[in-house]
Amino acid sequence: MAEQDSLSRVWDIIGKVGVGMLTTRAGGVLRARPMEPRPNRDEGVIYFVADRRGAKDDEIEAHADVCLIVVDHGSRAYLSVSGRAEAAIDRAKAAEIWKKTDDVWWPGGAADPNIRVLKLTPLKAELWDGPASSVAAAVEFAKARITGEKPHLGENRKVTVKMSRARDRLVAGREGISPAD
């Protein structure tokens, strides 16, 4: 699969799946919790609406490296997105990415003082595409049992996710090159 196709597949999976597990570092241990990604392909980032009382923003401020795990059970795709996150009080962005289901957690809407917007800038994604059906997986297991070979249950591809344009400009500026170079 071409790199651009893999990149598109990564964004498709993130957009399709309703919830992923976001892992942060809390002190010396890793901590994962379910979060609803709001991907923005044009910006090259993934947003989340979070509650400041959950400590995610403090954990991200202390250690910006995070990982988002997403599973698309229907297509048997498994995705790990590593990147850098930041947390902000951004009422305009919260309102822009707000979903009706968020009202369950924050009845006051996007203006709730406990809301934080998390912004994940993906650096790398690792994608495992498994067989499209459980029948295909069963066939692979049966074939492996007969032949003694390992079952072919999918392909592991690492793809580098394009960084946001703003971040590209920032990096380019630090390196003394224009973003178009």
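No side-chain heavy atom of Lys93 sits less than 4.5 Å from a side-chain heavy atom of Lys119. In this structure, Leu120 and Arg84 have side chains that are not in contact, with every pair of non-hydrogen atoms separated by 4.5 Å or more. No side-chain heavy atom of Val117 sits less than 4.5 Å from a side-chain heavy atom of Val49. Residues Val70 and Val81 are not in side-chain contact: their nearest non-hydrogen atoms beyond the backbone lie 4.5 Å or more apart. Side-chain contact check for Pro122 versus Trp11: some heavy-atom pair is nearer than 4.5 Å. Counting heavy atoms from C-beta outward, Leu79 and Val71 have side chains that stay 4.5 Å or more apart.
Not a single side-chain hydrogen bond (donor to acceptor under 3.5 Å, both in side chains) links Glu61 to another residue, sequence neighbours left out. Every residue two or more places apart in sequence or in another chain that forms a salt bridge (charged side-chain N to carboxylate O under 4.0 Å, His left out) with Asp103 is listed here: Lys100. Under the rule for a salt bridge (charged side-chain N to carboxylate O under 4.0 Å, His left out), Asp58 has no partner lying at least two apart in sequence or in another chain. Residues meeting the side-chain contact (heavy atoms from CB on, under 4.5 Å) test with Ala32, sequence neighbours left out: Met21, Thr23. Partners of Trp105 according to the side-chain hydrogen bond (donor to acceptor under 3.5 Å, both in side chains) rule, which considers only residues two or more places apart in sequence or in another chain, do not exist here. Listed by chain and number, the residues in a salt bridge (charged side-chain N to carboxylate O under 4.0 Å, His left out) with Arg53 are Asp51 (sequence neighbours excluded). Shown here are the side-chain hydrogen bond (donor to acceptor under 3.5 Å, both in side chains) partners of Arg33, two or more places apart in sequence or in another chain: Thr24, Glu59. Taking Arg38 as the reference, Glu36, Asp102 meet the side-chain hydrogen bond (donor to acceptor under 3.5 Å, both in side chains) condition, with sequence neighbours excluded. Contacts of Asn40 classified as side-chain contact (heavy atoms from CB on, under 4.5 Å), with partners at least two apart in sequence or in another chain: Asp42, Glu43, Val45, Tyr47.
In this structure, OH in Tyr78 is found 12.5 Å from CD1 in Ile69, a value given to the nearest 0.5 Å. Rounding to the nearest 0.5 Å places CD1 of Ile46 at 11.5 Å from CD1 of Ile97. The structure places OG of Ser75 at 5.5 Å from CD1 of Ile13, a figure rounded to the nearest 0.5 Å. Arg31 contributes atom CZ, which lies 10.5 Å from atom CG of Leu22 (distance to the nearest 0.5 angstrom). Separating the CG atom in Asp112 from the CZ atom in Arg52 is a distance of 9.0 Å, to the nearest 0.5 Å. Here Glu126 contributes atom CD and Ser82 contributes atom OG; the two are 8.0 Å apart, rounded to the nearest 0.5 Å.
Residue Lys56 comes nearest to Ala50 through the heavy atom pair CE-CB, 3.6 Å, listed as atom of the first residue, atom of the second, then distance. The two atoms that bring His63 and Gly27 nearest to each other are NE2-O, 4.1 Å, heavy atoms only. What you find for Gly109 and Ile115 is that their closest heavy atoms are O-CD1, 3.2 Å. For the residue pair Ser80 and Trp128, the shortest heavy atom distance occurs at CB-CZ3, 4.3 Å. Taking both residues in full, the closest heavy atoms of Ile60 and Ala85 are given as CG2-O, 3.3 Å, listed atom of the first, atom of the second, then distance. Ala94 approaches Ala110 most closely through the heavy-atom pair C-CB, 3.9 Å.
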**Message:** Test salt bridge (charged side-chain N to carboxylate O under 4.0 Å, His left out) on Arg116 and Asp57; report intermediate values, then the result.
**Reply:** CA-CA 7 Å; Arg116 299 297 181 264; Asp57 50 337; 3.7 Å; yes
**Asked** Please walk me through it: do Leu127 and Arg9 pass side chain to side chain contact (heavy atoms under 4.5 Å, CB included)?
**Response** CA-CA 9 Å; Leu127 170 65; Arg9 176 98 170 103; 3.7 Å; yes
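Screening residues 16-26 for salt bridge (Lys or Arg N to Asp or Glu O under 4.0 Å) gives Lys16-Asp72 as the qualifying pairs, with residues at least two apart or on separate chains.
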